[in-house]
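Written out below as structure tokens is the structure these notes cover.
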Amino acid sequence: MSQELAPRLDPRAIEPARYRAWQEGGYFHVPASAVLEDGREPYVIVIPPPNVTAALHMGHGLNNTVQDVLIRWRRMQGRASLWVPGTDHAGIATQNVVERQLAEEGLHRDDLGREAFVERVWEFVTETGGTILEQLKAIGASCDWQRTRFTLDDDLQRAVREVFVSLYEKELIYRGEYIINWCPRCLTALSNEEAEGTETQGRLWHLRYPIAEGSAEAARAASEAGSAAVGRLDDGRWYLTVSTTRPETMLGDTGVAVHPGDERYEALVGADVELPLTGRTIPVVADHYVDREFGSGMVKLTPAHDKNDFEIAGRTGIEILDVMTPDAHLSDAAPEAFRGMERFVARKAVLAALEELGLIAGREEHTHSVPHCYRCGTIVEPRLSEQWFVSMKPLAEPALEASRDGTITFTPPHWQRVYEHWMENIQDWCISRQLWWGHRIPVWYCACGEQIVVREDPSECPKCGGTELEQDPDVLDTWFSSQLWPFSVFGWPKQTDDLEAFYPGHTMVTGPDILFFWVARMIMMGYEFQGEAPFTQVYLHGTVRDMKGRKMSKSLGNGIDPLGVVEEFGADAMRYTIVSQCAVGTDISLDHEDVEAAFANGRNFANKIWNAGRFALMSLGEDPVQPLDHVRSDLTLEDRWILSRVAHASAEATRRLERFRLHEVAEGLYHFFWGEVCDWYLELVKSRLGPDTDPASREAARSTLVTVLDAAFRLLHPIVPFVTSELWSRLPWPEGADRPADLIIAPWPEPGDVERDEEAERRMVEVQTLVVEVRRLRKEYGVGEGARISLLVEGGPEHFLDTLALQAGALEQLARIESVAGGAPSGVGANVVLPNGAGLFVPLEGVIDVASERARMASEVDRIAGLLGAVRKRLSNEQFVANAPDEIVQKEHDKAAQLGEQVSKLREKLASLSDS
RNA sequence: GGUCGCUUAGCUCAGCUGGUAGAGCGCUACGUUCACAUCGUAGAUGUCGCAGGUUCGAGUCCUGCAGCGACCA
């Protein structure tokens, strides 16, 4: 059977079958009874639901690999480890996709009408949606697929409605007319978070507004008070100066504001201004919002098209005039000459008209943040509009406190401050969207004026009994339903067993880009509706970028298809590559132009595991393996050493997993497996596995090998589940020992399962050092790979020569050393002094000459003497000895002693070499 | 404008609570002794952005500067 293993790992040959076996074994599914009846401790992650129409990209690859690593690890620890999958209906995004399809057919959604359009979206979602979940299986995601949810499922619709009505009843949801972010292309309102600011090089225009005749005295006073922004036009009229980056909005100006304490403009407050191009007269008002230092210190007010101006209007009572249409053209409220113009066309036209009137005072380059629609990139227009809002401040309080008191922790910790800052400055959330795809707002309007907000669709008006009810046409922000995910997936508002068993969850794994959109709001909703946070650990991973540091994206064409990677290199290769780069707080960079180079490391490692397993399985053969305890007394140094290294590796891996230091987990296990298990242990043990060896030693080796591989596969399993599980299933098992049904549920090797063996580790290091030194000598003197050498050892620790004698086979294997004996150098050869004080002599008559050996040793003496010098200098520093901790000082003393012995022995040897 | 982060080997980046620099890839040389050439062995390369400071000791803490970036207004 073991002979059948191919010399190269072919992931395609094992991965799909392995995944099927896990699914058939039911290992992903966790029923509530596991917690409620069996009393197992739960560990719960809810997936950040990908957009239902999304295709898997590397960002998903990263996000879900991390979650799967954590889920698999906890599962092996015996937790009822539940990972709930699902998808998000993604309001704007999905609607846009279907609208584009329609456009290709020459249709607009209005041509279909609401009902038919929504039906069409459902068709699309039913047909193509959810494929991303199938794709997740290819990367090994061990989600509980029986629990797959969609944010538009009936259950979740109920949750959404319950939350909406409940918040409305608590007066935390209200409807009102405010300035909101409006996307003129999507024709919907957006939340503040959905309007992404982009630094843009723009222009700041300075405009002159003539002051009405009746206010000339006030203007003169302001001018005399030292304002350069007030002056006289050619025709003698006084003017004032205002600045704007959006000149077209001046058509909707209804006032000019100054700071009430600004002495320059005291006299102007109350003056009339003749708004150019419009024939309207607007007042000068005073408001504290105005920044005296910015520009002229006077601000034009466009309350219908600017949030701050709107607020000033509220305080000062100036008019509000909306001059734009929903698609950002100038409306009938604008002067006739500009009506129907698109906003940026109007900008040019307004500037040209003002220029002609001599009313442009100048312009300057100005870098500022311009908000763009996060779905289509169109520049967002602040717009006065009647929308639904959530009052956030009360909801934020417990969510903020949870961060401050450490109930919720952030990894990396830096995000805690970002989160708290956002919570502290939270603004009300505009939740209504002028879309058709999503959760319809559960509000009905009666002709009598009654507004009905209810959990069940009403049939008549509770006030007048009328049956002509009209439901609010808008839908809710997608994130309104996503924020309920941690409990809506468990059936809430019904009090289900699932909810009891699995809420609250534990870890939220996502990217920082949706910290506010999603994470923060889930926490708020968790407190509001469940009384506690939905999770306690927020792990924020980085972004997947290309080698130029650019975010991977479809539009840049720099993406890598995870499924292509799985196909070519295997899911294990992809997972290892991702996890090994997953340092806390750093991004992942992958070369999209050389995918092979990007994933070679992971592929090679998986192959290495495969081959180590293959070798072990072949060497172990079919004979029964004894439990380790039965061969305890026959364990050799390398057996004891590798078992101790297993203990070390498991302790490190566990500690690092607990702290989300995933790249350290990956790299630590990589070096443990490749550097220690393969490079040393397998090489050392080879000679003992053959048929001609002492049976006791052979059985000890076989038991140790099985134990070590079992542990190694367990430790590696969360990161590279396929190859480890394939090999583990073929591993012979110690007689009489219980074997778990599958590696996926085999117990995680906990620190403390096995004790460290300090002595074995120390002695093994001595052997390793010797081998490395001899190999170096061989290379340096060009001793052929196959040529055997002998070794004379002088001095060193008492046990050293015995150890080497016991390792004779290994030394032969590792460094082609055919004999080791105690004794002094004689003849021509190479000399080394090991850190443990042992002097080595390799007779190399005819290969080297005395002169070159002398030169080599002299440089070695210099090198070690240099190290010694640095240590001695430190020790002679009284401050160091007095102030540094005792253990550090002691370490330096030890080092000095060891280096001192090494260098003096080397000098002796060098001297005797010169004599001869 | 506010807040925060980054600057370490040719490349991509690690380096936790200060003890005297690491990984992978790449590069050089040798190697096919039957687990693996998706391999093995050995090797080369760093004034840890610049300037100060704290400390016995700083890549690691503090300040300033330069460059880059992120988020929020």
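Just so we're on the same page: letters track the sequence lines, and every chain starts at 1.
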Check whether any side-chain N or O of A:R778 sits under 3.5 Å from a backbone N or O of A:A815 as a donor-acceptor pair, and report yes or no. yes
Round to the nearest Å and state the distance from A:N601 atom CG to B:G26 atom C1'. 13 Å
Taking a pair as Watson-Crick or G-U wobble with both distances under 3.5 Å, which nucleotide is matched to B:G26? none
Under a 4.0 Å heavy-atom criterion, the protein footprint on nucleotides 4-13 of chain B, written with B, S and -, is S-------SS
Within the 6.0 Å centroid threshold, strictly below: A:Y670 and A:Y576: yes
Looking only at side-chain N and O atoms, does A:Y781 offer a donor or acceptor that is under 3.5 Å from a partner on A:E853? yes
What distance, rounded to whole Å, do you find between the two C1' atoms, one in B:G1 and one in B:U63? 23 Å
Atom pair distance, as rounded to whole Å: CG in A:D594 and P in B:C25: 13 Å
Does B:U20 have a Watson-Crick or wobble partner in any strand here, with both distances under 3.5 angstrom, and which is it? none
Counter-base of B:U55, judged by Watson-Crick or G-U geometry with both distances under 3.5 Å: none
Pairwise P distance for B:C6 and B:G49, with rounding to whole Å: 12 Å
Under 3.5 Å, is there a donor-acceptor pair linking the side chains of A:Y374 and A:E196? no
Look at all strands and tell whether A:P512 reaches a base, only sugar-phosphate, or nothing, counting heavy atoms closer than 4.0 Å. nothing
Could you check A:E773 against A:R776 for salt bridge (Lys or Arg N to Asp or Glu O under 4.0 Å), going step by step and ending with a plain yes or no? CA-CA 5 Å; A:E773 288 297 326; A:R776 190 186 331 197; 2.9 Å; yes
Nearest-Å distance once atom P is located in both B:C48 and B:C61: 15 Å
Could you state the atom-to-atom distance from CD of A:E773 to C1' of B:A42 in whole Å? 12 Å
Without hydrogens or angle criteria, can the side chains of A:Q537 and A:T409 be said to hold a donor-acceptor pair below 3.5 Å? no
Does B:U7 have a Watson-Crick or wobble partner in any strand here, with both distances under 3.5 angstrom, and which is it? B:A66
Got a sec, which residues hit side chain to side chain contact (heavy atoms under 4.5 Å, CB included) with A:D306, two or more places apart in sequence or on another chain? A:R246, A:N308, A:D309
Between C1' of B:C56 and NZ of A:K891, the distance in whole Å: 16 Å
Would you confirm whether A:N425, through its side chain, and A:H421, through its main-chain N or O, come within 3.5 Å as a donor-acceptor pair? yes
Would you mind classifying the nucleic acid contact of A:R661 as base, sugar-phosphate or nothing, using non-hydrogen atoms under 4.0 angstrom? sugar-phosphate
Evaluate the criterion salt bridge (Lys or Arg N to Asp or Glu O under 4.0 Å) for residue pair A:E780 and A:R775; output intermediate values, then yes/no. CA-CA 9 Å; A:E780 210 156 328; A:R775 281 171 176 169; over 6 Å; no
Who does B:A44 pair with, Watson-Crick or G-U, both distances under 3.5 Å? none
B:C71 P sits how many Å from A:H372 NE2, rounded? 13 Å
Are A:H305 and A:T249 close enough that a side-chain donor and a side-chain acceptor fall under 3.5 Å? no
Roughly how far apart, to the nearest Å, are B:U17 and B:G5 at atom P? 13 Å
Is any side-chain N or O of A:R656 closer than 4.0 Å to OP1 or OP2 of B:C16? no
Quick one: A:E887 CD to B:G19 P, roughly how many Å, whole number? 12 Å
Take atom P in B:C36 and the same atom in B:A70, then report the distance between them in whole Å. 49 Å
Going by distance alone, is a donor N or O of one side chain under 3.5 Å from an acceptor N or O of the other, for A:N611 and A:R614? yes
Report the residue (A:S369 or A:Y670) whose heavy-atom-nearest nucleotide on RNA chain B is the more 5′ of the two. A:Y670
Nearest-Å distance for atom pair CG/P, residues A:L899 and B:U20: 13 Å
When we call it a touch if two heavy atoms are under 4.0 Å apart, what does A:S580 touch: a base, just sugar-phosphate, or nothing? nothing
Any donor-acceptor pair under 3.5 Å linking the side-chain atoms of A:D894 with those of A:Q898? no
Distance between the C1' atoms of B:G19 and B:U55, in whole angstroms? 12 Å
Between B:U47 and B:G10, how far apart are the P atoms? Round to whole Å, please. 9 Å
Quote, to the nearest angstrom, the P distance that separates B:C4 from B:G64. 11 Å
Between C1' on B:A73 and CG on A:D291, what's the gap in Å once rounded to a whole number? 13 Å
Watson-Crick/G-U partner (both atom distances under 3.5 Å) of B:G2: B:C71
Using a 4.0 Å cut-off on protein heavy atoms (strictly under), produce a 5'-to-3' string for nucleotides 28-41 of chain B with B for base contact, S for backbone-only sugar-phosphate contact, and - for none. --BS-B-BB-BSSB
Paired to B:C39 by Watson-Crick or G-U wobble criteria (both distances under 3.5 Å) is B:G31
